[in-house]
Amino acid sequence: MMLRWIRQQLGFDPPHQSDTRTVYIANRFPQHGHYIPQRFADNRIISSKYTIWNFIPKNLFEQFRRIANFYFLIIFLVQLMIDTPTSPVTSGLPLFFVITVTAIKQGYEDWLRHKADNEVNGAPVFVVRSGSLVQTRSKNIRVGDIVRVAKDETFPADLVLLSSERAEGTCHITTASLDGETNLKTHYAVPETATSQSVSRLEALQAVVECQQPEPDLYRFVGRITITQHGEEIVRPLGPENLLLRGARLKNTKEIYGVAVYTGMESKMALNYKCKSQKRSAVEKSMNTFLIIYLAILLFEAVLSTILKYAWQAEKKWDEPFYNEKTETERNSSKILKFISDFLAFLVLYNFIIPISLYVTVEMQKFLGSFFIGWDLDLYHEESDQRAQVNTSDLNEELGQVEYVFTDKTGTLTENEMQFRECSINGVKYQEINSKLVPEGMTEDVPDTGFFLSREEELFLKAVSLCHTVQISYDQPDGVSDPFSHANGFTSQMEYYASSPDEKALVEATKRMGVAFAGSNGETMEIKTFGKSEKYKLLHVLEFDANRRRMSVILQAPSGEKLLFTKGAESSVLPYASSGEIEKTRVHVDEFALKGLRTLVVAYRLFSAEEYKEVERRLHQARTALQQRDERLSEAFNFIEKDLHLLGATGVEDKLQEKVQETIEALRLAGIKVWVLTGDKHETAVSVSLSCGHFHRTMNILELVQQKSDHECAEQLRRLARRIKEDHVIQHGLVVDGASLSLALREHEKLFMEVCKNCSAVLCCRMAPLQKAKVVRLLKTSPEKPITLAVGDGANDVSMIQEAHVGIGIMGKEGRQAVRNSDYAIARFKFLAKLLLVHGHFYYIRIATLVQYFFYKNVCFITPQFLYQFFCLFSQQTLYDSVYLTLYNICFTSLPILVYSLFEQLVHPHILQSKPALYRDISKNSLLSFKTFLYWTILGFCHAFVFFFGCYILMGEDTSLTGNGQMFGNWTFGTLVFTVMVITVTLKLALETHFWTWMNHFVTWGSIAFYFIFSLFYGGIIWPFLHTQDMYFVFVQLLSSGSAWFAIIIIIITCLFPDVIKKVFYRHLNPTSTQKSQCMEAYEGITCMDSVSCFPEGRGLCGFLERLKRANRSWNDSDPFASNDRSILTLSPVEASHC
Amino acid sequence: MLYGKPRSPAHRKLVPGSEKKQINKRTVRMKTEGSMENRPDNTAFTQQRLPAWQPILSAGIVIPGFTLIGLAFIGIGVALFVTSQNIKVLERDYTGVTDDSSCGKCMDPTKKDCVCEVKFSFSELFEGPVFFYYGLSNYYQNYRTYGVSVDPYQLVGDTAYFLSPDSNCSPYQNDSTGTPIVPCGSIANSMFTDSFTLYQIINGQQSLVPFDRKGIAWWTDYNIKYRNPAPVNGSLALAFSGTTKPINWSKPVYELDPNDSANNGFLNQDFLVWMRRAALPNFRKLYGRIREGAYANGLPAGNYTLQINYNYPVQSFGGTKKVVFSNVSWMGGKNQFLGIAYLVMGSLCIIMAIVMLIVYAKYKFSDDDGA
């Protein structure tokens, strides 16, 4: 992505000068005159970031853009340039290690991309060149080439369909790999080219395609084709229905010919390889803050040391005693230069306080840790055989920090499995009973009326069975060459495919009731009314779009009448209806909505011959327009869809997914506010909200709907705010509709936020996709900066998913677009509970401890070195040997924390899930708050003081520590401090570990053992490549001293003693609810699950309950909703009654 | 439906046995139901159900633990303290600034070959073996530039480096005439040069107390780490030809010990002791042991005179010099820190255990009431 951008900036990819591109079919350029060839990209897809040649420089460049890496590079360079206490290797090696690990990871990923690219670019394709079909590689296709694609092949570039093996020039494709829609779509060739079905005839074809420059929108294509036939130029419009997208697959059609218009990186698929904007987690932000603080500490220590050094050296007897004279050059060098170089030397000496391996460990932790989500059986959906999917591992811990959940309704809370329930025809309500349409009020055992339907009923059913875009697929292997032949058989093998589940449900319902849709071939639609076949000529389809919220078909009935059938949302059809039972239908629609049904209104219009001509003309004009086609089309549509006669309305039920209620309740107990954002009608939305537990019966429901003016909206908002203030005992729920929301957001954002925050449930209905994103952004940018999470399943949720801090896609029926754009994808809404409450909790605790521990262990590491300067005249003498300096972070202390951060489980997952309130313990980034950070840092300093002064007192009495009376030197002292430190730091992590798997045992004790073995080995050999043998036998000598052993033990115990005391007392006197759950788990195990009586009573507990009560007062109310059959959710009432 | 999400109130504890049973059940089901390619593996690892020990720092564990640790520490502390108390130490400052020695006269750095005496007496036997140390204070052997001012290749007898010492050694790389110094560098140059002789006064007669000067350096330093150059024509001195002695030294390195030819060159014990830099500015270095002849059991009660060849100037940097007589135990010299530290930590553990017991008992009872 980056590369392409740079290339474009540098002019390798020339910016497109004109708004349109002209493609000469088969690259037959006009012979005469003024043709300037346009340059197009070749058909190579490049998703890889690196090549073999630029991998090293480019990868290095990208890695050093990270502040921490750059910092260590600088330190390394300083060490190379000036005389510093440690050799450049000490910082160079860890840096090299970190860079190499990251480079290997990125290189591997890029290698996979290269492999995929090569496969795609090398795929064989057939191209028409100089009069014959030539096989070539996909990457050789140029714009203007005529490409042949056979059945079940994918299109190698964006092609304009020229002809198919069918005479009418249609073909079926599926775009499952692009947008996940599994239905078959019919694409058309222009009639003039549709006849060119052979290579020779294509050769004779003289045509030019003019179209817009490439753009990523999959559903937009504007162009025209000019065909020269018999010296005559025929111009035809081209739309998305003529364009075959790269990546889509040809179905049910033997072969097609198409001309490539967009190739390679300019194809719509490639343009959709969008680099998702990097989402950064809150943990990463705090991590950077901490890094800066540590940088400040580092600078402070270096400056202090430099100043003290010069204060000390003011006296000559310290500066240059007789035993340590300076050279002439040292004496004569400039003071300022010396000062700077001293400062840099101290900087180098203390630089390890910045944890170099933090980033790489965090990255590994996230990468490896994210596998657990996909592996989780609890997040696996058996019916659809789908497991949870992780698209970015960067946000794992953010799952534990969510404060607002924005969820879509259809397909997310509900199954998106539509069932036809009721309809209203001509002002009478009907129900479907035993596959029959029964008017309301009649009982089931009405006498069988046979195949009789009234005229209105029949028209209504016909309208429903004709006005749609449903496709039929037959299970039989070879295609739909003639759909009607199968229709006669009318077997059960026939299956409807639709992009909208509502349509499918409706068509299936009418089929049950006797009016069956039997197939369409692009020009005719056939229905069977009780076995009697009727063919309608399909004249036009006015496609559905989100703004119009309706779709229409124009048909020619067998009788020759031209008819328009319209189907759409009630608000977008009723206003255009001029006859029929409008008022009764409106009432019925509202009733349906109250029952939670999805409603659609059906209407029709009969065209007179003149009217139809006008319609035809307008449509053609709009469709051939090159500019502003969309606007002109909608204008034309509005012209056509009016003066409608209302036929009736349908009510389709969308079943709730299982355990939605429990999940929402659990999220709420976890302190997460749930907002439902839906495109549905107000009444439908409210009733679904109630049935899924989002709204409670006891809630006071506030409404901000149908606000017409700005002023009115503000007034209403103020009223609501007042009501909330007056009545703060009960919970409030807020219902907002899209129109009112946009008014509210335009001028009264603050007021609106105020109202929203005081409502425990918010429902936004009639929302457009962009509005959803806007609501998320509003919350995201509010002063508290809460962490937001958006869940959705459809393309209309994508903007919201991308906007939220964490975007979750539901693998539903509406394609995979949401899944592709999400950070995590799950199969069912109910999995959200485990994902947040368990995985989120774990990841957060793991990474938070990881970050804090890293800072802690580096403070422990470097502070003794700082303290040592006070005893060596600030001469920058290192306390530890260089090898120890180098390996501390990458060998001795790296693995235990990594294993901890992969496997730690503070509380058993079942308890986390059954006690959602535990989620509150970690909310607001509490484990990375400044207070906790300070605690760890101070702890680090304290431990460092204990190590250093413990050893100092031991050695400082300057007695011998061995039985043979010999004395130790400075390296023994440093090694003693280092040994104590490595053990203490490892044990400190052991104290933090609650979940000891064999791996934890292995790495914890293994690290300590490794340190000893390594030291014995390192000190036991004269290393030929080392300049000095300072460490030779130092470690062995140290261990041969009994005093040293005793000192090591006592210093470690002293360090950890206060920590243990603190932990025990906190646990007893002021336990967090998490800790209580731990003790519960340990002591009571089984019986304790649902009762809270096992909690140790105490002031702390009562205080906690008090807090809890305040926080969710509402659940304690005698809410019939909250207390039935949900044993897991009865936590708070029990607790409250207890205290 | 889904395994691992029991909604029943009975909460399963992770018992290895039950674990196995569930897995078996699972695999059976997997066989019966088909088409579940995406089904995650049901292993303890992937489901994060690895058998694990989940310790909790609760009072029930910590109180007995602390009590045990406390008792053990007090025991160890007493033992260490007693051991340390049994060690005798005699220290005498001989810088000359104070009056307890005759060394004041030697403080003038211009005075050469000054000899002074320190007198002391024991009222009872000073048990042997007695170790004799010299000590310096305010002396920064841990100064960085001092520490690197050495050529390690010279010290392993690599004659190639004799003629071109490491530049780290400057200003003691070459002398004023440009002759390379061996051993070069500040550490070697500043080697301690005072020497000591101890006499017991028996009936007014001075009787020499012999120092055993062998084995005062680390065994590995003497035998492995440092090497003399191979003698040329059987003479160590010739191996050093073309080089000169360190500036402050009175004699070259191959003549350090006139009495013992094996104790010369880089393998001179005093030199090795000096080359092991001290960690802190106040340090002692071992000079010799008294364990021969009549003094094998220690220094008997009586009066003693320590004769000092006072050469090493320390007053320029405010340092002091001292001598120390000490006997040692298995844990080394007199060191009360460890004993005290163990006693303090032991008692703290006990105290905290008692405090916790009180707290625990209090809340334990109220818990019982509440339940």
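The figures that follow rest on heavy atoms only: side chains count, while hydrogens, waters and symmetry mates do not. Numbers restart at 1 for each chain; the letters A, B, ... are given by sequence-line order, proteins then strands.
The NZ atom of B/Lys334 sits 14.5 Å away from the OG atom of A/Ser960 when rounded to the nearest 0.5 Å.
The shortest heavy-atom contact between B/Ser186 and A/Tyr323 is CB-O, 3.5 Å. Closest approach of A/Met955 to A/Leu976, counting heavy atoms only: CE-CD2, 4.2 Å. The two atoms that bring B/Ala279 and B/Asn142 nearest to each other are O-ND2, 2.6 Å, heavy atoms only.
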**Asked** Do A/Gln966 and B/Lys285 pass the side chain to side chain donor-acceptor pair (under 3.5 Å) test, and can you show the C-alpha distance, the side-chain angles, and the key distance before you say yes or no?
**Response** CA-CA 8 Å; A/Gln966 290 171 355; B/Lys285 285 184 185 287; over 6 Å; no
**Request:** Could you please spell out the steps behind the side chain to side chain contact (heavy atoms under 4.5 Å, CB included) verdict for B/Arg284 and B/Glu91?
**Result:** CA-CA 11 Å; B/Arg284 287 180 202 176; B/Glu91 278 191 30; 3.3 Å; yes
**Request:** List the steps and the verdict of side chain to side chain donor-acceptor pair (under 3.5 Å) for B/Thr43 and B/Thr46.
**Result:** CA-CA 5 Å; B/Thr43 61; B/Thr46 54; 2.9 Å; yes
**Request:** Output, in order, the C-alpha distance, side-chain angles, deciding distance and verdict of ring pair (Phe, Tyr, Trp, His ring centres under 6.0 Å) for A/Phe372 and A/His839.
**Result:** CA-CA 8 Å; A/Phe372 284 121; A/His839 286 287; 7.9 Å; no
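Using a 4.5 Å cut-off between heavy atoms, B/Phe73 contacts chain A through its side chain alone, with no backbone atom that close. Interface residue A/Ile1022: only side-chain heavy atoms are found under 4.5 Å from chain B. If you measure heavy-atom distances from B/Tyr146 to chain A, the contacts under 4.5 Å come from both the backbone and the side chain. The contact between A/Thr962 and chain B is made entirely by backbone atoms, counting heavy-atom distances below 4.5 Å. Proximity to chain B is absent for every atom of A/Thr878, based on heavy atoms less than 4.5 angstrom apart. When heavy atoms are compared at a cutoff of 4.5 Å, A/Asp1030 approaches chain B solely by way of its backbone atoms N, CA, C and O. Contacts between B/Asn327 and chain A at a heavy-atom distance below 4.5 Å are absent for every atom of the residue. Using a 4.5 Å cut-off between heavy atoms, A/Phe371 does not touch chain B at all. If you measure heavy-atom distances from A/Ile373 to chain B, you find no contacts under 4.5 Å at all. Both the backbone and the side chain of B/Asn282 come within contact range of chain A, each with at least one heavy atom under 4.5 Å from a heavy atom of that chain. Heavy-atom distances place the side chain of B/Leu338, and not its backbone, under 4.5 Å from chain A. Of the two parts of B/Asp166, only the side chain, counted from C-beta on, holds a non-hydrogen atom closer than 4.5 Å to a non-hydrogen atom of chain A. Of the atoms belonging to A/Val838, not a single heavy atom falls under 4.5 Å from chain B. Of the two parts of B/Ser329, only the backbone, made up of N, CA, C and O, holds a non-hydrogen atom closer than 4.5 Å to a non-hydrogen atom of chain A. In this structure, the portion of B/Leu80 lying under 4.5 Å from any heavy atom of chain A is its side chain and not its backbone. Contact annotation for B/Ile187: neither backbone nor side-chain heavy atoms come within less than 4.5 Å of a heavy atom of chain A. For a residue to count as touching a neighbouring chain, one of its non-hydrogen atoms must lie under 4.5 Å from one of that chain's; by this rule B/Pro313 touches chain A with backbone and side chain alike. Interface residue A/His1027: backbone and side-chain heavy atoms are both found under 4.5 Å from chain B. Looking at B/Ala278, only its backbone comes within 4.5 Å of chain A, counting heavy atoms on both sides. For B/Tyr153, the part sitting under 4.5 Å from any heavy atom of chain A is the side chain, from C-beta outward, and nothing else.
When each of B/Val156, B/Val355, B/Thr220, B/Leu286 is checked for heavy-atom pairs under 4.5 Å with chain A, B/Thr220 comes out on top. Here A/Phe871 is the residue among A/Trp1045, A/Phe903, A/Phe874, A/Phe871 with the most heavy-atom pairs under 4.5 Å with chain B. When the candidates A/Leu902, A/Thr1054, A/Thr1028 are compared by the number of heavy-atom contacts under 4.5 Å with chain B, A/Thr1054 comes out ahead. Taking B/Arg289, B/Arg276, B/Lys225 one by one and counting their heavy-atom pairs under 4.5 Å with chain A, the maximum is reached by B/Lys225. Chain A forms the most heavy-atom pairs under 4.5 Å with one residue out of B/Asp151, B/Val148, B/Ile224, and that residue is B/Ile224. Contact count versus chain B (heavy atoms, under 4.5 Å) is highest, among A/Lys326, A/Gln905, A/Gln386, A/Gln877, for A/Gln877. Ranked by heavy-atom pairs under 4.5 Å with chain B, the list A/Pro909, A/Cys872, A/Gly1042 is led by A/Cys872. The most heavy-atom pairs under 4.5 Å with chain A, out of B/Tyr143, B/Tyr172, B/Phe45, B/Trp330, come from B/Tyr143. No other option in B/Ser326, B/Ala217, B/Gly135 has as many heavy-atom pairs under 4.5 Å with chain A as B/Ala217. The residue among A/Ile1050, A/Leu961, A/Asn1000, A/Val1064 with the most heavy atom pairs within less than 4.5 Å of chain B is A/Ile1050. With chain A as partner, the option from B/Gly333, B/Ser149, B/Ser170 having the largest number of non-hydrogen pairs under 4.5 angstrom is B/Gly333.
Between A/Phe968 and B/Trp218, the ring planes are perpendicular. Angles over 60° get that label, and only those under 30° would be called parallel. Using the six-membered ring where Trp is involved, B/Tyr134 and B/Tyr287 have ring planes that are perpendicular, over 60° apart on the 30 and 60° scheme. Between B/Tyr133 and B/Phe131, the ring planes lie parallel to each other; the angle is under 30°, not in the 30° to 60° tilted range. Ring-plane geometry between B/Tyr312 and A/Phe322 is classed as perpendicular, the angle between the planes exceeding 60 degrees on a 0 to 90 degree scale with a lower cut at 30. Aromatic ring orientation, B/Tyr342 versus A/Phe1046: perpendicular (interplanar angle above 60°, classes split at 30° and 60°).
If you look at B/Trp274 and B/Tyr139, their ring centroids are closer than 6.0 Å. Remark: aromatic rings of B/Phe66 and A/Phe1057 are close, center separation under 6.0 Å.
No salt bridge links A/Arg387 with B/Glu37; every basic N to acidic carboxylate O contact stays at or beyond 4.0 Å.
Applying the 6.0 Å contact sphere to CZ of A/Phe870 captures more than 12 heavy atoms from other residues, nucleotides or ligands.
Partner of A/Asp378 under the salt bridge (charged side-chain N to carboxylate O under 4.0 Å, His left out) criterion, chosen from A/Lys830, A/Arg828, A/Lys834: A/Lys834.
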